[in-house]
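Chain naming here is simple, since letters A, B, ... match the order of the sequence lines and numbering starts at 1 in each.
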Amino acid sequence: MPVVDEKKTTEEEWEPRILAFACNWCTYAGADLAGLNRMKYPANIRLLRVPCSGRVNPQYVLEALQKGCDGVLVCGCHPGDCHYSTGNYYAKRRLMIFKRFLEYVGLEPERFNVKWISASEAGRFRDTVKEFTEGVRKVGPLKESFTLAPSAGDKLFGAHNESEAPASEEGGAA
Amino acid sequence: MSRIGVFVCHCGSNIGGVVDCPAVRDYAATLPNVVHAEDNKYTCSDPGQAKIRQAIEDYDLDRIVVAACSPRMHEPTWRALLSHTKVNPYMLEVANLREHDSWVHADNKEAATEKAKDLVKMAVAKVDHAIPLYTQQIPVNKKALIIGGGIAGMQAALDIADAGYKVTIVERKATLGGKMPMLDKTFPTMDCSACICTPKMSEVGNHPNITVKTLSEVTKVEGYVGNFEITIKEHAKYVDYDKCTGCGLCTTKCPSKKIPNEWNQGLDNRTAIHKVFEQAVPSKPVIDADHCLKLTRDKCGVCAKVCPTGAINYEDVDRETTETFGAVVLATGYELIKWEDLYPEYGGGAYPDVIDGLHFERIINASGPSEGRIVRPSDGKEPKSVVIVKCVGSRDPNKGKAYCSRACCMYGAKHAHQIIEHIPDCKVYVFYMDVRTPGKNYDEFYMQAKNDGACYLRGRVSKIYKEGDHYVVWGADTISGAKVEVNADMVILETAMVAAPGATETAMLFGVQTDKDDWIIEAHPKLRPVETASRGVYLAGVAQGPKDIPDTVAQAGAAASKVIGMFSHDSLESNPQISNVDIAKCSGCGTCVHICPYGAISLVEKHLRENSVKVTRDVAQVNPALCQGCGACTVACKPGALDLLGYSDKSIMEEVDALCQW
């Protein structure tokens, strides 16, 4: 169940809440450059730094959408430019399928996207944030219409739970 | 319970002028497990750092959050600071309040302050689940392997060897030197190529720190930076180099004399037992097993009879040796594109006087078959009209390669200049698309060739055909808009450079990527031009992309300095933010093994105790020296056994949750 403060979901006070996963080498640096150039973009976005877009587990996106973010963006290096050679290719394949899945279960396409933004593309970062924020604003607050069971991600991946009784290596203290 | 300290930086007025820092500080103090929060004018300054150090003591902090500028700026600063305290340097999070907040939201101070609070909250939530991480020491084996013995490989080897480290060069051909000693003169100074290259070859051959392995290739690579276990295959030479004095008697007596001489581009013939060229290093012959009568038909055996030292060994076999090296330089070089198959309109190789640039270098070279006289390969006559066609195979994505081969404009001008110098009444026409001469004294050199009388025509050549004893070249002059027809005695095609055959296979042995044209991909095109994505593997010369000799030598020196820098340490620190396997969850499926771009994950058999039962099964194992911490494997892991230290599933989920609770 989305944990959304009732007060802020009223029409006039609502502001979209957007989470962006940004790879350390390209998009995070591109956002830094946007700052350096004193560009202006909506303050609705919060960047979460990951080493590579290939690190972004679809589970994180699900978690954000289920717990109350109105939109999630994943950004990484352009194809061919990945610091780790191939991470963004994996990200692209995983997340594009995931996007189709989210839309299949009823999520508006505006709420989730994957974008390639290099360390030099401050302007592209700004434009992407503006565009994405406007898109989310247009579709409004994410309500309970997004009907996957709460914490489906936890059940699917288990990473959020404490791990089960660990196995121990032979010859150790066991 | 963790004890978190939060340090909010004003950065003068950079952050403080927009974000209400005291409010962020007060908010941070209310977050779970935060036992101390303060704000500073300049946290990165010495007094600011002293306050962090003091707070760690006063409040017994075990992890900290710095809310300041981008972590790309000062994360290393904070880590260095923490390494001198009791807090582990990886129990740190940085909230980016400057680049991602105050600088971009200066027009909305209230929203900026709210965002700052969120960013601090996310950082606190993440650091709350941080675990201490420790770097490991990787020992460095101070011996370098250079693959390729051309000018790039030789320069890198000499630079490393002169610094006092052992170097081995693996060269596929029977001599060092690569392409450079084939050339006659080098632009723009017109030095004799052999005069500057062959002394380097003998310097390499005689250097006490350098071992040269010719007719050799790398067949297997294991290990990682500092500790590559590399298997080198030395092909049979049939000559014992320990006994051979290089007198050359065998080559004069060999009866198989009709073998096209590769060194001279087939312009003359060589014997089956042969030295590649006069100044070859090692200066000793090899037997060409495909043409030797003894080896093919068990006849002859003359060389063994005449050899005064008994160095000939027909029983010689390929030998494999495995050695440990700390660093590798890939200098695999280039070949010229096989234009014959691509350009049937230029005769497709059927006309003996339509040749490529390297052919011409051998014709005009004083040590070539015509001893430096410019003659037609077909009849040995001096040409009175020569057409030079540039960009054959280069900048032609339809037939050849899309890239510019960089050196052809200059050696095209050199060839024009040389022809006019040797045969003053010879007409020289140069068909070009553009003239690209960036480089010190390069454009001056090109202008010189034009002033010498070379006729530059801007356009491509559409057809070359034979008429009597000369060739007719159809082309266009796009400046005048006219069709051009030139009668030529000889045509020189300045063909594209392509990656040496096998370069991709060699690179793949080291986990290094090549691009669509088989050039090796550097770690960063601007800032890490001689490194590759594999730590400890460097590149030099044309292997990375077309370049001329000065650029190649400069790059080889740069690669050597990287190797020397690495060898100046006895051990390397590994990055502790790497993948980690929970063997209890690992099913041994091996998906991660194929995902890892660095070959860092392998399946190993482990004896485990599960639910009080002894089991033996395969589980994934991460090599900490190879893993670069991208995390691609962690997402692919179906049972969720892989996790990235420093960016664990748990910590990212907590960060997401923190943002969602408002």
I'd like to verify something: which residue of [options] has the highest number of heavy-atom pairs under 4.5 Å with chain A?
| options | result |
| --- | --- |
| B:T616, B:I521, B:D515, B:L644 | B:L644 |
| B:M122, B:Q577, B:K126 | B:M122 |
| B:R72, B:E99, B:E655 | B:R72 |

How far apart are the closest heavy atoms of [X] and [Y], and which atoms are they?
| X | Y | value |
| --- | --- | --- |
| A:P58 | B:V635 | CD-CG1, 3.9 Å |
| B:C630 | A:P51 | O-CG, 3.8 Å |
| B:C660 | A:G68 | SG-N, 4.3 Å |
| A:R38 | B:N14 | NH2-OD1, 4.0 Å |
| A:F21 | B:V656 | CZ-CG2, 4.0 Å |
| B:Y598 | A:Y84 | OH-CA, 3.1 Å |

Just wondering, do B:Q628 and A:H83 contact through their side chains at under 4.5 Å, heavy atoms?
-> no
Kindly indicate, with the supporting measurements, whether the criterion side chain to side chain contact (heavy atoms under 4.5 Å, CB included) is fulfilled by A:L47 and B:N96.
-> CA-CA 9 Å; A:L47 259 63; B:N96 188 342; over 6 Å; no
Examine whether an atom of A:N37 lies under 4.5 Å from a heavy atom of chain B, and if so say whether it belongs to the side chain, the backbone or both; otherwise answer neither.
->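 Neither part, no heavy atoms under 4.5 Å.
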Can B:D101 and A:R46 be counted as an ion pair, charged N to O under 4.0 angstrom?
-> no
Counterpart residues, ring pair (Phe, Tyr, Trp, His ring centres under 6.0 Å), relative to A:F112 (two or more places apart) = A:F98
Report yes or no: does A:R17 contribute a side-chain atom to a donor-acceptor pair with the main-chain N or O of B:L659 at less than 3.5 Å?
-> yes
Please check if the side chain of A:Y90 supplies one atom and the backbone of B:I595 the other of a donor-acceptor pair under 3.5 Å.
->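 Yes; judged by distance alone, with no hydrogens or angles, the pair exists.
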If one checks every heavy atom of B:E110 against chain A at 4.5 Å, the contacting part turns out to be neither
For residues 100-126 of chain B, which residue pairs qualify under ring pair (Phe, Tyr, Trp, His ring centres under 6.0 Å), counting only residues two or more places apart or in two chains?
->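 Sorted result for residues 100-126 of chain B: A:Y28-B:H100, A:Y41-B:H105.
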Once you round to the nearest 0.5 Å, how far does SG of B:C69 lie from CG of A:L36?
->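 B:C69 SG to A:L36 CG: 11.0 Å, rounded to 0.5 Å.
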Decide yes or no on side chain to side chain contact (heavy atoms under 4.5 Å, CB included) for B:E114 and A:E15, but give the supporting numbers first.
-> CA-CA 12 Å; B:E114 284 307 306; A:E15 276 291 324; over 6 Å; no
Under the side chain to side chain contact (heavy atoms under 4.5 Å, CB included) rule, what do B:I652 and A:R49 come out as? Steps first, then yes or no, please.
-> CA-CA 9 Å; B:I652 294 177; A:R49 186 164 72 131; over 6 Å; no
Do other residues, nucleotides or ligands put more than 12 heavy atoms under 6.0 Å from the CD atom of A:E103?
->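 It does: A:E103 CD has more than 12 such atoms within range.
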